[in-house]
Engineer: 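First the structure, which I've put down as structure tokens, then a few questions once you've had a look.
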Amino acid sequence: MTSIAEYFAYPFVRYAFIVGTLIALCSSLLGVTLVLKRFSFIGDGLSHVAFGGIALAAVLGISNEMLLVLPVTVIAAVLLLRTGQNTRIKGDAAIAMLSVGALAIGYLLMNLFSTSSNISGDVCSTLFGSTSILTLKPYEVWLCVALSIAVVVIFVLFYNKIFAVTFDENFAVATGTNASRYNLMIAIVIAVIIVLAMNLVGSLLISALVIFPALSAMRVFKSFLSVTICSAVLSVCCALAGLLISIVAGTPVGSTIVAADIVAFLGFWIVGRVAGVE
């Protein structure tokens with residue numbers, strides 16, 4: 001405990017725990033919706049777009065990557081939603097096209113134009129989030145706080161509409177709900193969460209942060225509200241545990257958090273089986 005207290009004396013450790021908690025909370029809120037709508041891999045596709053945006057920002061010499069990555073990812077989310085509704089290109093195919101294309105172009109740009117002497121290290125850090133969460137600046141923390149508050153407020157204010165378009169979109173439309181508008185809102189919020197989460201787990205592991213807490217909660221609970229609350233609490237606990245272990249043991253932050261999510265999923269799966277919930 002003395003060693004842990006010494007770590008918390010450093011500002012960058014406190015920043016990491018604040019941002020990690022907020023990102024885990026935001027990721028879990030809409031994770032349940034994505035799982036139920038069978039659109040789980042939208043996080044994977046948008047995270048690769050964000051990786052391409054980071055590579056482009058590096059090429060253009062933009063110091064604050066968020067200024068480019070956030071709008072690019074939001075635009076990609078909107079295009080992905082529109083393309084996924086196309087009868088010729090279904091949602092899963094659109095995500096695959098966007099994901100692979102953005103990842104390849106981003107890596108190509110980093111190789112062709114990067115001035116870094118350690119391209120492999122830069123790519124690894126971006127993909128797996130090995131150290132970025134521990135190098136946050138104060139303005140990045142405040143930006144994360146502001147965006148996280150916005151995500152939570154949107155989710156709470158439009159909870160009933162999100163619930164409606166998640167379970168029965170056709171019925172929601174029949175009752176006068178503009179499903180397209182709320183689907184678009186969900187896509188934009190997910191894009192914001194993806195950009196925030198890249199600092200925590202990297203672009204390749206973001207889907208785990210979104211999906212695992214929701215799937216774990218579904219092993220034990222069945223109502224939308226209880227699953228959402230459990231998912232949020234579990235996601236925050238796993239993020240904090242993963243951060244603490246990674247700092248003390250010196251393991252990669254993103255991978256450690258995902259490992260904690262996997263352990264939690266196995267635990268909830270066992271509890272669900274024993275309790276006869278499944």
Side-chain angles (χ1 to χ4, degrees), residues 8 10-34 42-43 46-47 49-54 56-58 60 62-78 80-81 125-126 129 131-159 161-162 181-203 205-207 209-210 213-214 228-229 231-240 242-243 253-254 257:
F8 274 92
Y10 296 101
F12 70 89
V13 174
R14 297 196 296 269
Y15 293 160
F17 274 83
I18 293 172
V19 171
T21 301
L22 292 174
I23 292 174
L25 174 63
C26 293
S27 299
S28 62
L29 290 179
L30 288 174
V32 179
T33 296
L34 294 184
I42 188 175
L46 292 179
S47 67
V49 171
F51 172 80
I54 289 176
L56 183 59
L60 297 176
I62 300 175
S63 58
N64 188 354
E65 298 171 344
M66 190 76 73
L67 296 176
L68 178 65
V69 177
L70 185 57
V72 167
T73 308
V74 169
I75 291 172
V78 175
L80 186 60
L81 181 66
S125 178
T126 304
T131 59
S132 55
I133 189 66
L134 299 177
T135 57
L136 293 171
K137 298 177 177 63
Y139 78 88
E140 292 177 316
V141 176
W142 283 111
L143 180 60
C144 179
V145 170
L147 291 176
S148 298
I149 291 175
V151 169
V152 173
V153 168
I154 289 173
F155 183 83
V156 172
L157 289 178
F158 298 101
Y159 172 82
K161 300 297 183 181
I162 293 174
R181 177 187 301 170
Y182 291 105
N183 280 328
L184 180 61
M185 182 190 71
I186 291 172
I188 293 174
V189 172
I190 286 295
V192 173
I193 292 172
I194 294 303
V195 173
L196 293 177
M198 284 195 68
N199 280 329
L200 183 63
V201 297
S203 62
L205 303 178
I206 287 176
S207 292
L209 202 66
V210 174
T228 301
I229 294 174
S231 174
V233 173
L234 181 62
S235 181
V236 170
C237 290
C238 288
L240 293 178
L243 276 167
V253 177
I257 292 175

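These numbers come from the heavy atoms of this one structure, side chains and all, not from hydrogens, waters or symmetry mates.
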Engineer: To the nearest 0.5 Å, what is the distance between CD1 (I23) and CD1 (I18)?
Structural biologist: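 Rounded to the nearest 0.5 Å, the CD1-CD1 separation comes out at 11.5 Å.
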
Engineer: What residues, two or more places apart in sequence or in another chain, satisfy side-chain contact (heavy atoms from CB on, under 4.5 Å) together with P71?
Structural biologist: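 For P71, no residue satisfies side-chain contact (heavy atoms from CB on, under 4.5 Å) once neighbours in sequence are set aside.
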
Engineer: Considering only heavy atoms from C-beta outward, does the side chain of L240 approach that of F17 to under 4.5 Å?
Structural biologist: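 L240 vs F17: side chains touch.
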
Engineer: First locate atom CD1 of I190, then atom OG1 of T73, and finally report the distance between them rounded to the nearest 0.5 Å.
Structural biologist: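 The distance works out to 12.5 Å.
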
Engineer: For A232, which residues count as a side-chain contact (heavy atoms from CB on, under 4.5 Å) partner, sequence neighbours excluded?
Structural biologist: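 side-chain contact (heavy atoms from CB on, under 4.5 Å) list for A232, sorted by chain: L25, S28, L29.
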
Engineer: What heavy-atom pair brings L209 and S27 nearest, and what distance separates the two atoms?
Structural biologist: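 Reported closest heavy-atom pair: CD2-OG, 3.6 Å.
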
Engineer: Near R14 CZ, under 6.0 Å, is it more than 12 heavy atoms from other residues, nucleotides or ligands?
Structural biologist: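 Enclosed: over 12 neighbouring heavy atoms sit under 6.0 Å from CZ of R14.
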
Engineer: From F155 CZ over to T33 OG1, what is the distance, rounded to the nearest 0.5 angstrom?
Structural biologist: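 Nearest 0.5 Å value for the CZ-OG1 distance: 6.0 Å.
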
Engineer: Locate the shortest heavy-atom distance separating V49 from A76; write the atom from each residue and the value.
Structural biologist: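 Closest approach of V49 to A76: CG1-CB, 3.6 Å.
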
Engineer: Find the distance between CG (L70) and CD1 (I75) and round it off to the nearest 0.5 Å.
Structural biologist: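 The CG atom of L70 sits 10.0 Å away from the CD1 atom of I75.
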
Engineer: May I ask you to decide if A24's main-chain N or O and S235's side chain share a donor-acceptor pair within less than 3.5 Å?
Structural biologist: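 At least one qualifying donor-acceptor pair exists.
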
Engineer: Please name all residues satisfying side-chain contact (heavy atoms from CB on, under 4.5 Å) with V151, sequence neighbours left out, ordered by chain then number.
Structural biologist: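 Checked V151 against side-chain contact (heavy atoms from CB on, under 4.5 Å); matches are C26, V189, V192, I193.
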
Engineer: Which atoms form the tightest heavy-atom contact between S148 and L196, and what is the distance?
Structural biologist: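 Closest pair (atom of S148, atom of L196, distance): OG-CD1, 4.0 Å.
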
Engineer: Any side-chain heavy-atom pair from V145 and L22 closer than 4.5 angstrom?
Structural biologist: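 They are in side-chain contact.
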
